[in-house]
Each structure stands twice: as C-alpha cells, then as structure tokens.
2 protein chains.
Amino acid sequence: MNPTIKDVAKHANVSIATVSRIVNGLPGYSEETKKKVQQSIEALGYQPNAIARGLINKRTQTIGVLFPDVSGMLSSEVLEGVENAAHDGGFSVIVCNTTSSGKRTVKYLRLLQEKRVDGIIFASEDVKEEYYKIFEEMKVPVVLVSTASSKYDLPFVRVNDFDGAFQATEYLIRKGHKVIGMIGGSDEDPIAGVPRMQGFQKALESNGLSFTNNHITKNEGYRFQNGKESLPLLLKKLPDMTALFAASDEMAIGAMSAAHQLGIRVPEELSIIGYDNLKIAEMCYPPLTTVSQPLKDMGQTSGEMLVSLIKGEQQEAKSRYMPFTIVERQSVSEFRDK
Amino acid sequence: MNPTIKDVAKHANVSIATVSRIVNGLPGYSEETKKKVQQSIEALGYQPNAIARGLINKRTQTIGVLFPDVSGMLSSEVLEGVENAAHDGGFSVIVCNTTSSGKRTVKYLRLLQEKRVDGIIFASEDVKEEYYKIFEEMKVPVVLVSTASSKYDLPFVRVNDFDGAFQATEYLIRKGHKVIGMIGGSDEDPIAGVPRMQGFQKALESNGLSFTNNHITKNEGYRFQNGKESLPLLLKKLPDMTALFAASDEMAIGAMSAAHQLGIRVPEELSIIGYDNLKIAEMCYPPLTTVSQPLKDMGQTSGEMLVSLIKGEQQEAKSRYMPFTIVERQSVSEFRDK
DNA sequence: GCGTTTTACGTAAACGTTTACGTAAATCCC
DNA sequence: GGGATTTACGTAAACGTTTACGTAAAACGC
C-alpha cells in the first residue's frame with residue numbers, strides 16, 4: 001500500500017512534522033534535513049494522502065459541476081472550460097448528470113455536501129428553492145453558468161439571450177426579409193425560452209414588422225427533432241415566410257433537414273439562423289449562420305470565478321454577460337422577391 | 001458549519017459509536033435509541049463527512065475518468081454512460097481532460113493517486129509504460145474503454161474495429177460498388193487507425209477487389225476538417241471512386257461537405273459510410289449511414305465493470321467487445337453505372 | 001434460581017495528515 | 001560574555017469518522 005508520512009519520517013529519522021513542513025514548503029528545517037527527507041520520499045514512493053489533508057484543512061480541492069445533460073453538445077463544451085480552469089487552479093471536478101430531475105439534483109447536492117466539495121457550478125437550469133436551501137447549508141460558493149436566477153443572488157456567467165435573439169432577427173431583417181418566423185423553446189423556460197422569444201418579437205416590432213402568434217412555434221426541448229417537426233407547423237402558420245430564427249442550433253439544423261425533405265432550398269428559398277454555434281454548425285449543409293455563445297469560454301470564466309471565490313481572492317463575484325457574435329456561414333441569403 | 005457526529009451524540013445523549021451504528025445500519029441499538037438519534041440528526045441537519053469516512057474505510061467512493069478530449073462527441077457519450085453506472089453504484093466521477101498530453105496525463109494520475117480514488121477508467125488512448133507504472137502503484141482497478149492495450153493485461157470495453165471496418169466495406173460492396181476508397185486515421189494509431197484500415201483492406205481483398213495505397217488517405221486526426229481535406233486527395237488517387245468508407249463520422253461528414261462543394265451528389269454519385277454513429281450522423285445532409293459504436297453503452301458497461309471490481313464482486317474482469325451494427329440512413333445508394 | 005447467551009451500549013484507538021507551541025541550540029548584537 | 005532573537009526541530013492534539021472489544025443488563029433455557 002501507499003507509504004505514509006510516518007514511514008518517511010522513520011526512514012529519514014525526523015519527525016512527521018518535519019516531513020510535513022518540507023512537503024508543504026513551510027519554513028523550519030535545514031537544507032541537510034530537506035535533502036534527507038526528499039531522498040526518503042523518493043525511495044519510498046510517498047504520495048501524500050489528500051483525504052487526510054482535506055480533513056485537517058477542511059478543504060478538498062474539489063468542485064462539483066451539475067449538468068442537466070452531460071453528453072449534450074452545450075454541456076460538453078462548458079465542461080471542458082470548467083475543467084481547464086479548475087485544473088489550473090488546483091481543483092478536481094466531480095461531474096453530475098442530473099437529467100433535469102429535481103430529485104436526482106437534490107441527491108447529487110447532498111452527495112457533494114457529504115464529500116465536502118469546495119464549490120459548485122450549476123449549469124443550464126433554473127435554481128429551485130430546495131437547491132438553494134442546500135447551497136446555503138453547504139456554505140460554499142456557487143456559480144451559475146448558462147443560466148441565472150431571478151430569485152436568488154447567485155453570480156452567473158451567461159450570454160444575454162434577449163440581445164442575441166434581437167440581433168439574430170435584425171440580421172435577417174437587414175438581409176431584406178420581412179416575413180420571419182421563429183422556432184422557439186418553452187415560454188415556461190425563463191432562461192433560454194422566454195428571453196429569446198422576447199428578443200425576436202422586439203426586433204420585429206422595432207423594425208415596424210408585424211408580430212403575431214403565428215410567427216412562433218414553441219417546443220418543450222431544443223433538439224434536432226423539435227426543429228424538424230416545427231418547420232412544417234410554422235410554414236402552415238406563415239406560408240410566406242422567407243427566413244427563420246431558431247432558438248438553438250440543433251433546432252435550426254432540424255429545420256434544415258425538414259426543408260430538404262420538403263424540397264425547400266436553404267438559403268435560396270428559406271434563410272435559417274441558429275443560436276449556440278455548436279461544433280455541428282459548421283458541419284451541417286449548408287453550414288449554419290448562428291449566434292455564437294462562447295460555451296467553452298463561459299465554462300472557463302465560471303470555473304475561474306469559482307476558484308477565485310474559493311481561494312478568497314474576492315468576496316463577491318461579479319456576474320458576467322459574455323459577448324456573442326453572429327457567425328456568418330451559408331444558411332442565410334439576401335431576400336429576393338419570388 | 002456542518003454539525004459533526006459528536007454534536008448528534010451529545011444532543012441525543014448517546015455515544016458517537018451508537019450514532020455511527022445507526023447511520024450505517026449496523027446492529028447494536030434499541031428502537032428507542034434509534035428514534036432519538038434520528039430526531040437529533042434531523043434537528044441538527046447532520047450530514048456525514050465522507051472525507052473522514054474515506055480516511056477510515058480507505059475507500060472514497062470516487063473514480064477517476066481520463067479522456068483525451070472531454071468535449072469531443074465520442075467522449076461526452078461515453079462519459080454519460082460511465083457517470084450513470086458510477087452513480088448507480090454509489091460512486092462519484094472525477095473527470096480529467098488529458099488533451100492527449102503524456103505529461104498532463106501523468107499529472108492527473110498522480111492527482112488521482114493522492115485523492116485515493118477507488119478506480120480508474122482510461123479512455124481512447126494507448127497506455128504508456130509510465131501510466132501503467134502509476135496504475136500499479138495505485139493498486140486500484142483500471143478499465144479501458146474505447147481502447148485496449150496489447151502490452152498490458154488490462155480489461156477493456158470496445159468495439160472490434162477490424163470487424164466494423166470489414167463489414168462497412170462489405171456493405172458498400174454488397175451495394176455493388178467496386179471502386180471504394182477510405183479516409184483513414186494514422187497508421188501509428190494501434191487503436192482506431194490500423195485495425196480500421198486493415199478491415200477495409202481485408203474486405204476488398206476477400207471480395208476479389210483490388211487494394212493499393214491509392215485506396216486510402218491517412219490523417220493524424222479524425223475530425224471534420226480532416227475528412228474535408230481528404231476527399232479531393234482521394235479523388236485524385238482514385239478518380240473512378242463511387243463509394244468511400246471514412247474511419248469516423250466526423251470525417252465522413254467532412255467528406256460530404258467537400259462533395260457538396262465539388263458538386264458531387266451524395267449518395268447518387270458518391271456513397272459515404274461513416275464510423276461511430278454520433279448524434280450528428282442523423283443531423284447531417286444527407287443523414288449518414290454508419291457503423292454504430294454504442295458509445296453510451298460502452299461507458300455504462302465499463303463503469304459497471306469497474307464498480308464490480310472495486311466492490312470485489314469479481315476478481316477479474318472479462319474484457320468485452322461490444323456489438324456494433326450498420327445504421328442505414330441515406331448516404332449510401334446502389335451502384336449505378338454512369 | 002443460576003449459568004449461558006444475547007443485546008445494547010460506551011471507551012479507546014485508529015486512519016494520515018497539519019500545526020501550535022515548547023525547547024534546545026545557534027546566531028546576533030551590545 | 002551575556003541577553004535577546006532566530007532557527008530547527010519534536011510533541012501533542014486536532015480533524016470526523018469507524019469499529020474492536022469490554023461490560024452491564026436483559027433474556028433464555030434447564
């Protein structure tokens with residue numbers, strides 16, 4: 001088994017306190033003793049026990065990250081950023097796949113509480129009261145990413161969804177489109193659903209274009225299949241539609257797939273703009289023009305923010321709206337009268 | 001701060017041993033005492049400290065998972081399966097993004113050793129000697145997923161890449177194609193590179209079709225861009241090619257993108273079959289026919305295998321070749337003479 | 001009733017580490 | 001030279017939990 005600090009102390013003929021001081025770079029030993037101890041460490045293959053250290057220090061150098069769908073394309077990019085920042089800051093990342101289940105989320109939070117993680121990153125879901133209660137009990141910093149909470153004062157890192165949707169819609173308008181539809185999410189989703197729909201609506205109205213309920217189809221999810229099913233519905237409500245804004249890249253690509261099947265040419269007959277700039281946006285046909293959420297950077301930023309809070313480098317984190325851009329590819333063309 | 005077992009014992013007027021017995025469901029207390037203690041636990045909001053428990057039990061209920069690219073589409077699906085199996089088995093998952101760097105991998109392994117994880121899942125990369133040395137020092141079970149080691153006797157969960165490539169190629173042959181190319185990986189990659197190329201070659205030869213170096217282009221990576229760049233090269237070497245097998249879905253989709261750009265219709269003029277069955281395979285245009293690696297199931301299986309080894313339910317794991325299928329979509333058509 | 005067995009506790013030690021504090025020796029400065 | 005300060009240790013206690021073992025009381029069976 002792994003040698004302990006006692007084994008090293010015995011081997012080097014010093015006390016365990018001396019070994020500890022040397023291992024942790026604290027003062028209080030001679031160069032000669034240091035060399036002797038280091039030789040013993042190497043000879044025995046000593047690896048400090050982080051568990052014992054965590055018990056004493058009341059700090060585990062570990063953070064927990066909760067995702068509603070760990071294999072989703074959004075999550076995996078955010079995770080990469082978080083993991084990079086955490087690792088650079090000396091922290092390990094326990095990943096939790098909540099599957100959007102409140103019960104499972106509570107279970108994970110309790111587990112992370114038992115494991116005495118130093119902080120939490122909570123991604124892409126609304127914060128429920130029972131989660132917030134556990135956060136308070138745990139007394140560790142929490143950072144939200146790709147979400148926010150209107151009810152609880154928790155720092156977040158996200159894109160301004162209203163603005164993103166507004167600008168995506170304006171982009172279509174500037175391309176000359178006048179009949180523009182939207183494939184939206186849920187109007188019970190305060191994070192990705194409502195603000196994106198409001199931004200769409202506001203852009204139409206600000207540009208003197210009409211907005212009615214016929215301009216939006218709503219969905220419970222944001223997946224490829226949702227987009228694929230929505231296009232025919234939207235065309236029925238808005239037969240003269242020449243452009244559409246989809247509230248996620250996956251839905252945009254689903255709409256493209258449906259367009260192909262309906263014999264509608266993209267972008268010649270129907271321009272499509274998405275939201276996310278997932279890796280697949282450049283891989284679809286035609287390559288998707290989309291609002292770019294810098295997912296990995298958001299992960300990185302939230303990770304750095306949490307590390308900074310844990311380390312006490314700052315007492316309060318300032319929430320961050322990350323910049324977005326419109327990434328132009330080939331799914332949007334100028335409006336041409338038919 | 002969190003109340004300790006001492007606080008509960010004092011509140012309930014029992015010893016800490018009694019609280020521990022009750023919390024852990026061991027025998028040795030009356031029903032009356034149990035009720036009293038449970039009330040104290042609830043009143044104080046006691047959450048056991050898993051760190052202290054881990055120190056005593058020499059088991060942390062935590063596993064480490066190493067990926068070369070945590071946000072890759074392959075990795076994220078495997079991770080989901082691993083995390084599910086681990087969670088169900090009572091284990092937490094620390095995720096490590098090695099970025100294919102040997103140095104970083106060693107750093108992570110040392111970190112996991114310090115944190116005394118109960119087991120390791122190592123994904124999608126070759127096992128180097130220095131990694132194996134650390135595995136041995138750690139004295140915990142290791143399971144490989146989506147990879148294997150010819151040099152070290154470590155249990156693995158993977159698909160038979162040779163067979164998968166063989167059958168993908170035979171599928172094209174059965175569709176009547178006679179001039180078939182391959183966009184391959186690296187012939188220094190013993191995991192995904194060499195076997196897939198060998199399976200391709202064997203299928204051609206077994207069916208009396210010619211195989212030369214002109215039938216394969218090689219790449220260092222397996223990405224969309226690799227596939228996009230490879231198609232023109234392959235067409236130059238094999239101008240009469242009517243079908244191609246790509247060693248990954250991303251490369252297949254890259255080849256499709258290049259075909260669109262070159263004005264080559266898929267599948268009418270060029271049939272394409274991929275390898276992986278990533279989520280994007282159904283989202284591209286046309287939807288990709290591909291060899292299906294059951295990534296999530298592989299993650300699940302490897303996670304279950306590791307949990308079983310940790311728990312001592314089995315002494316030795318039996319390596320598993322997971323079944324694959326050809327998922328037919330719309331990127332392959334019957335050969336038709338031009 | 002008495003010896004044996006079982007039940008329901010509590011005590012003490014352990015796990016591997018960190019660190020406050022005491023002490024002896026060396027060094028510095030007047 | 002002597003007092004004050006600094007250096008280089010070691011000891012003991014702590015962290016929060018688990019559990020082996022001892023002991024007293026209760027239960028059982030002859």
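Side chains are part of it too, since the values below use all heavy atoms of this structure and drop only hydrogens, waters and symmetry mates. Chain A is the first sequence line, chain B the second, and so forth, proteins listed ahead of strands; every chain is numbered from 1.
- Taking the six-membered ring for Trp and the full ring otherwise, the centers of A:Tyr321 and A:Phe156 sit less than 6.0 Å from each other.
- A salt bridge does not link A:Glu130 to A:Lys103: none of the charged side-chain nitrogens sits closer than 4.0 Å to a carboxylate oxygen.
- The distance from atom CD1 of A:Ile51 to atom P of D:dT18 is 15 Å, rounded to the nearest whole Å.
- At whole-Å resolution of the value, CG in B:Leu26 and P in D:dT19 are 6 Å apart.
- In terms of phosphate contacts, B:Thr33 brings a side-chain nitrogen or oxygen within less than 4.0 Å of OP1 or OP2 of C:dC9.
- Between the C1' atom of D:dT11 and the CZ atom of A:Arg21 lies a distance of 11 Å, rounded to the nearest Å.
- A:Leu109 is listed as a side-chain neighbour of A:Ile120, based on a closest heavy-atom distance under 4.5 Å.
- Between A:Lys296 and A:Glu77, no side-chain nitrogen of the basic residue sits less than 4.0 Å from a carboxylate oxygen of the acidic one, so the salt-bridge criterion is not met.
- Nearest-nucleotide assignment on DNA chain D puts the 5′-proximal partner with A:Ser30, out of B:Asn57 and A:Ser30.
- Residues B:Asn13 and A:Val19 each lie close to DNA chain C; by heavy-atom proximity, the contact nearer the 5' end of the strand is made by B:Asn13.
- Atom NZ of B:Lys34 and atom C1' of C:dC9 are 16 Å apart (whole Å).
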Reading nucleotides 12-17 of chain C 5' to 3', which nucleotides get B (base under 4.0 Å from a protein heavy atom), which S (sugar-phosphate only), which -? --BBBB

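- Between D:dG10 and A:Thr18, a contact under 4.0 Å exists linking OP1 or OP2 to a side-chain N or O.
- Remark: B:Glu114 engages A:Gln47, A:Pro48, A:Ala50, A:Arg53 in a side chain to side chain contact (heavy atoms under 4.5 Å, CB included) (not counting sequence neighbours).
- Atom CG of A:Asp153 is surrounded by 12 or fewer heavy atoms from other residues, nucleotides or ligands within 6.0 Å.
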